[in-house]
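Scroll down for the structure; my scribbles are underneath it.
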Amino acid sequence: QVTLVESGGGTVQSGGSLRLSCVTSQYTITSLTMGWYREPPGRAGEGVALMDVDGSTKYADSVKGRFTISKDINKNTLYLQMNNLQPEDSMIYYCAADYRPGLWVGVADIESFGSRGQGTQVTVSS
């Protein structure tokens, strides 16, 4: 189990930006496959962005060109930069991670990662 702590959620107007952060302490971030997952109230969630141990990234079609996943190795922190936010992006966002290599193919796999943070709310007003 990996402990993950997210921050950076909030309320912005349509077209605005937010940056989410996720800090982990037990593992070095370079040894983890990490990603962001989001869930609307009462509905199924979706994987948003994934970063594999080699630094390669994958995105859901719904956020391509608007969201960017990145990491700061020195801070052991994963980020999700979200630009041009729209009301349909309003959800709880979770950081997720797994230390088992080689099992993950795409953003749909993020739901199956072994660890997830407590979540941070993102609200976009129109």
Side-chain angles (χ1 to χ4, degrees):
Q1 192 79 354
V2 181
T3 300
L4 304 164
V5 180
E6 305 105 328
S7 61
T11 301
V12 295
Q13 291 189 328
S14 179
S17 298
L18 284 172
R19 188 177 77 160
L20 306 182
S21 300
C22 172
V23 180
T24 181
S25 52
Q26 302 107 309
Y27 292 81
T28 57
I29 198 170
T30 52
S31 67
L32 298 170
T33 303
M34 300 190 72
W36 292 93
Y37 184 86
R38 65 184 184 179
E39 242 175 29
R43 291 190 285 139
E46 66 171 342
V48 174
L50 179 149
M51 176 171 282
D52 214 332
V53 292
D54 63 358
S56 59
T57 58
K58 295 181 174 67
Y59 296 93
D61 288 342
S62 57
V63 306
K64 276 181 185 176
R66 300 189 299 125
F67 291 12
T68 303
I69 188 171
S70 64
K71 63 186 176 184
D72 185 327
I73 296 172
N74 292 329
K75 296 181 178 179
N76 226 34
T77 300
L78 182 77
Y79 299 103
L80 185 68
Q81 177 66 43
M82 305 184 293
N83 297 329
N84 192 22
L85 283 161
Q86 301 299 314
E88 55 266 31
D89 296 315
S90 297
M91 301 187 204
I92 298 176
Y93 285 71
Y94 299 90
C95 177
D98 204 289
Y99 57 81
R100 297 168 292 173
L103 300 178
W104 318 112
V105 176
V107 292
D109 294 327
I110 298 174
E111 184 178 16
S112 301
F113 282 6
S115 301
R116 190 182 292 186
Q118 82 284 357
T120 185
Q121 177 71 49
V122 172
T123 303
V124 185
S125 60
S126 57

Inset, instruction - Give, for atom CD of E39 and atom OH of Y94, the distance between the pair rounded to the nearest 0.5 Å. - result: 5.0 Å
Inset, instruction - Measure the spacing between CE of M51 and NZ of K71 and express it to the nearest 0.5 Å. - result: 5.5 Å
Inset, instruction - State whether the number of non-hydrogen atoms from other residues, nucleotides or ligands found under 6.0 Å of Q118 atom CD is greater than 12. - result: yes
Legend entry - Donor-acceptor contact present, side-chain D52 to main-chain D54, <3.5 Å: no
Legend entry - Non-hydrogen atoms of K58 and V105 that approach each other most closely: CE-O, 2.8 Å
Inset, instruction - Could you grab the distance from atom OG of S14 to atom CG of L85, nearest 0.5 Å is fine? - result: 8.5 Å
Inset, instruction - Would you confirm whether Q26, through its side chain, and T24, through its main-chain N or O, come within 3.5 Å as a donor-acceptor pair? - result: no
Legend entry - Pairwise distance OH(Y37) to CG(D109) - rounded to 0.5 angstrom: 11.5 Å
Inset, instruction - To the nearest 0.5 Å, tell me how far M82 CE sits from L18 CG. - result: 4.5 Å
Legend entry - Nearest-0.5 Å distance, OG of residue S70 to CG of residue L80: 8.5 Å
Legend entry - Polar side-chain atom of N76 near backbone of I29 as donor-acceptor pair, under 3.5 Å: yes
Output a table of donor-acceptor pairs, distance under 3.5 Å, between side-chain atoms of residues 119-126 and any protein atom two or more places apart or on a different chain; print 'none' if there are none.
residue	atom	partner	partner atom	Å
T120	OG1	G9	N	3.1
Q121	NE2	M91	O	3.4
S125	OG	V12	O	3.4

Inset, instruction - Determine whether L50 and F113 make a side-chain contact, defined as any pair of heavy atoms from C-beta on separated by less than 4.5 Å. - result: yes
Inset, instruction - Give a yes or no on whether the backbone of I69 and the side-chain of Y59 come within a donor-acceptor separation of less than 3.5 Å. - result: yes
Inset, instruction - Mind telling me whether Y99 and Y27 have parallel, tilted or perpendicular rings, with 30° and 60° as the class edges? - result: parallel
Inset, instruction - Look at the side chain of D98 and the backbone N and O of G114, then say whether any donor-acceptor pair between them is shorter than 3.5 Å. - result: yes
